[in-house]
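The structure appears right after this line, and notes come after that.
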Amino acid sequence: MGDLTILETIIIAIVEGLTEFLPVSSTGHMIITQNLLGVESTEFVKAFTFIIQFGAILSVVVLYWKRFFRLNHTPAPEGASPLCRFLHKYDFYWKLLVAFIPAAILGFLFSDMIDAMLESVTVVAVMLIVGGVFMLFCDKLFGNGNEDTKLTEKRAFVIGLFQCISMIPGVSRSMATIVGGMAQKLTRKAAAEFSFFLAVPTMFAATCYKMLKLFLDGGTEIITDNLPALLVGNAVAFVVAMLAIKFFISFVTKYGFKAFGWYRIIVGGIILVLLMAGYSLEVV
């Protein structure tokens, strides 16, 4: 099957689907999984962990398709310009674009630096712990928000700035954007759902960028040779992500984020202990 066996493909895809929308760092877990499986970090394997995100984001579109493809049919403010009327009608997509822009710019500018950090399991472990400690207290810091709080362009942009923090491996895109939403007084459920929606353009762009980069570097043959792994990986990530999203929304609405905080601390701590004990978990 090329660079990955069927079993390795399925395991990594399950990890992606389970962790992409949970505040535990999917990238960090996939790096750790790759190391534990002893998978060599080839150009394809690096791209694979991004490309299978397409299956995960497709699960959001399927689960929330009524909201994802809904236009705003409420009357625009009286006297609004044609542009304002247009933005009012496509309000949902406009706010997604506003939130997406910061990460798109920084991700393009610092792509090589981000790729370099992705190869450090130590960075992942430390950020898992730091993020975990924060999550123990974020419910007390922000509460459960206000049901009447509306998502404005300003709030969307701030959430987009928070998303940029997740470029550090181990932070978690989901955690950063949900915390950003809660900091803007959104409820836990509303913040989590907007985080899911924002994942679609963000992860789609990252997937396309990685695919393009691979093709430009002469990777057409790599993609062809590993096409079965890509198809299986995306299919598995799609199914698992759907289940994970349903679980997460129900759990976080009832119980908050403390459990995820402890999980991050335990996993990060175990990784650091293994590294200090001399176990090499670094990407090879």
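FYI, side chains are in, hydrogens and waters are out, and symmetry mates aren't considered; it's all heavy atoms of this structure.
- When all heavy atoms are compared, the tightest approach of Phe162 to Ala183 is CZ-CB, 4.2 Å.
- Remark: the backbone N or O of Val130 is not paired with any side-chain donor or acceptor of Arg264 at under 3.5 angstrom.
- Distance check: Cys138 SG to Lys258 NZ gives 10.0 Å after rounding to the nearest 0.5 Å.
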Problem set entry | Verdict with reasoning, Glu20 to Arg173, per side chain to side chain contact (heavy atoms under 4.5 Å, CB included) | CA-CA 8 Å; Glu20 182 59 53; Arg173 192 206 62 81; 4.1 Å; yes

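- Within the 4.5 Å cutoff, the side chain of Glu16 has no heavy atoms near those of the Val240 side chain.
- Transitive grouping of hydrophobic side chains (ILVMFWY, heavy atoms separated by less than 4.5 Å) brings Met242 and Phe251 into a common cluster.
- Taking the six-membered ring for Trp and thresholds of 30 and 60 degrees, Phe54 and Phe204 have ring planes inclined between 30 and 60 degrees apart.
- Note that CD of Gln184 and OG1 of Thr149 are 9.5 Å apart. Values are rounded to the nearest 0.5 Å.
- Between Gly268 and Ile129, the closest heavy-atom pair is C-CD1, 3.6 Å.
- Using modelled atom types, no side-chain atom of Arg188 and backbone atom of Ile178 make a donor-acceptor pair closer than 3.5 Å.
- Here CG of Leu151 is found 8.0 Å from CG of Asp91. Values are rounded to the nearest 0.5 Å.
- Looking at heavy atoms from C-beta onward, Met182 lies in side-chain contact with Phe257 at the 4.5 angstrom threshold.
- The closest donor-acceptor contact from the side chain of Thr253 to the backbone of Ile249 lies under 3.5 Å.
- The CD1 atom of Ile10 sits 5.5 Å away from the CD1 atom of Ile6 when rounded to the nearest 0.5 Å.
- For Phe248 and Phe260, the ring centers sit closer than 6.0 Å to each other.
- Between Met135 and Pro23 there is a side-chain heavy-atom pair separated by less than 4.5 Å.
- Ring geometry, Tyr64 versus Phe196: the interplanar angle falls from 30° to 60°, so the pair is classed tilted.
- Taking CG from Leu36 and NE2 from His29, the interatomic distance works out to 10.5 Å, rounded to the nearest 0.5 Å.
- At a threshold of 4.5 Å between non-hydrogen side-chain atoms, the residues Val61 and Phe69 count as touching.
- Taken together through direct or relayed side-chain contacts under 4.5 Å among Ile, Leu, Val, Met, Phe, Trp and Tyr, Val273 and Tyr263 form parts of separate hydrophobic clusters.
- Two residues are said to be in side-chain contact when any heavy atoms from C-beta on lie closer than 4.5 Å; Gln163 and Ile159 fail this criterion.
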Exercise. Given Met175 and Ile165, is the side chain to side chain contact (heavy atoms under 4.5 Å, CB included) satisfied, shown in steps?
Worked result: CA-CA 10 Å; Met175 185 192 85; Ile165 304 171; over 6 Å; no

For this session: Any chance you could lay out the side chain to side chain contact (heavy atoms under 4.5 Å, CB included) test for Asn234 and Leu58, step after step, and finish with the verdict?
Result: CA-CA 9 Å; Asn234 275 287; Leu58 190 59; over 6 Å; no

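- Atoms OG1 and CG, on Thr177 and Leu161 in that order, are 12.5 Å from each other to the nearest 0.5 Å.
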